[in-house]
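FYI, side chains are in, hydrogens and waters are out, and symmetry mates aren't considered; it's all heavy atoms of this structure. Owing to the predicted nature of the structure, the values given are computational and were not obtained by experimental measurement. Residue numbers start from 1 in every chain, and the chains themselves are labelled A, B, ... in the order their sequence lines are given, proteins ahead of strands.
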Number of protein chains: 2
Amino acid sequence: MSYATDLTETSASRAASTDTAPSQVHKPGQCTRANEVISLVGDKWSVQIVMLLGTGRHRFMEIKRAIEGISQKMLTVTLRGLERDGYVTRTVYPTIPPKVEYELTDLGLDLLEPLRALGSWALANHDRVVAARTAYDARAKAK
Amino acid sequence: MSYATDLTETSASRAASTDTAPSQVHKPGQCTRANEVISLVGDKWSVQIVMLLGTGRHRFMEIKRAIEGISQKMLTVTLRGLERDGYVTRTVYPTIPPKVEYELTDLGLDLLEPLRALGSWALANHDRVVAARTAYDARAKAK
DNA sequence: TCCCCTAGTTACCTCGACGAAACCCAAGGG
DNA sequence: CCCTTGGGTTTCGTCGAGGTAACTAGGGGA
């Protein structure tokens, strides 16, 4: 493992070719730590919510209506997770129709930057991916 | 939806507050398209493989030994997916112990950049997340 | 009177992601 | 004769993510 995020990563190829050391040439710690955070991105809903909250403070039902497709349960679960990880704050107004507002913390705002980078990359290169996909499928079908 | 990757996104809040239009004020297309690409990041293995291939060309068994924990099946499935989406190329040498090499395409190399950004962010902010997590758990337990 | 609104929680169920392990070919080594 | 090696495919089983629906509170509107 060990992503070589900005380290000079010659260890991966070395480990695979030499193979004398069992499999511990990489630093598994880094990979694990990175994954712990990156796995949030896999969450189907977390990214969308963080992106939405990037536009400012929002109420629960606002988010639910904005995300379209998310269930009540998953919204609460996801928001709890984001709160636990320190990305959002939850503010409860004990009025009688309850009112809860969610807002990004500094950490959440920080996360927004690489997330937006990934998002705009995705938007920009979407067509390339679709083209590759159809080309691949055509090739596979022709075979 | 609509991530507001770099657009001025006032529509999300507007849609939630006005609520006159059913739910189509955002541009759902962008969100869907972005997700289509971002969902790759959720794949538990795709990111690791792309990162590893960022260090150069690699053989199947090399990758399998380097990733540690991936099963034969998931490696083939993930690599096929990455090949289909145009991120990696698959080169078969029809020798008699078979030899297959995987390498990032230009698209894959392009993806590497936002991925590394996210990865180094994750590494840099891992501690903040863990701290928030333990603080939250302590608060929850004390309640 | 009854329903709806907000922000949840809970129980139940489904379905797909993923792992484990067996099987494949063909050549080469003991 | 069997094992190994590389790069798979296939089958089977599990487990958890996530959806659905019903419940909670109290006040306002028809």
Exercise for the section: Mark yes or no for whether A:T105, through its side chain, and A:G86, through its backbone, hold a donor-acceptor pair below 3.5 Å. Expected result: yes
Exercise for the section: Using heavy atoms and a sub-4.0 Å distance, could you list which residues of residues 92-105 of chain B are near DNA chain D? By number, please. Expected result: B:P98, B:K99, B:V100, B:Y102
Handout entry: Those residues that, when tested against B:R84, pass salt bridge (Lys or Arg N to Asp or Glu O under 4.0 Å) (two or more places apart)
Key = A:D137
Completion exercise
Numerically ordered, the residues 78-87 of chain A set in heavy-atom contact under 4.0 Å with DNA chain D is none
Exercise for the section: For atom CG of B:D127, decide whether the heavy atoms of other residues, nucleotides or ligands shown that lie under 6.0 angstrom number more than 12. Expected result: yes
Exercise for the section: For A:E36 and B:H126, test the side chains for any donor-to-acceptor distance below 3.5 angstrom and give the result as yes or no. Expected result: yes
Handout entry: Bounds of contact between DNA chain D and chain B, in 5' to 3' order, using a heavy-atom cut-off under 4.0 Å
Key = D:dG6 to D:dT11
Practice task
Taking all non-hydrogen atoms of both residues into account, name the closest pair between B:V88 and B:L104 and its distance.
Solution key: CG1-CD2, 3.8 Å
Handout entry: Spacing of CG belonging to B:L75 relative to OH belonging to B:Y102, to within rounding of 0.5 Å
Key = 7.0 Å
Exercise for the section: Give the minimum heavy-atom separation between B:L52 and B:A66, together with the two atoms involved. Expected result: CD2-CB, 3.8 Å
Problem - Within 6.0 angstrom of A:E113 CD, more than 12 heavy atoms from elsewhere - result: no
Completion exercise
Stem ranges of DNA chain C by first residue number, counting only runs of at least 3 Watson-Crick or G-U pairs under 3.5 Å, come to C:1-5 with D:26-30, C:7-30 with D:1-24
Just the atom pairs and distances: protein N or O near nucleotides 17-24 of chain C's N or O, under 3.5 Å.
residue : atom : partner : partner atom : Å
C:dG19  : OP2  : B:S71   : OG           : 3.4
C:dG19  : O6   : B:K73   : NZ           : 2.5

Handout entry: Integer-rounded Å distance: C:dC5 P and A:M61 CE
Key = 9 Å
Problem - Basic-acidic side-chain contact under 4.0 Å: B:E101, B:R59 - result: no
Problem - Donor-acceptor under 3.5 Å (A:T55 side chain, A:M51 main chain) - result: no
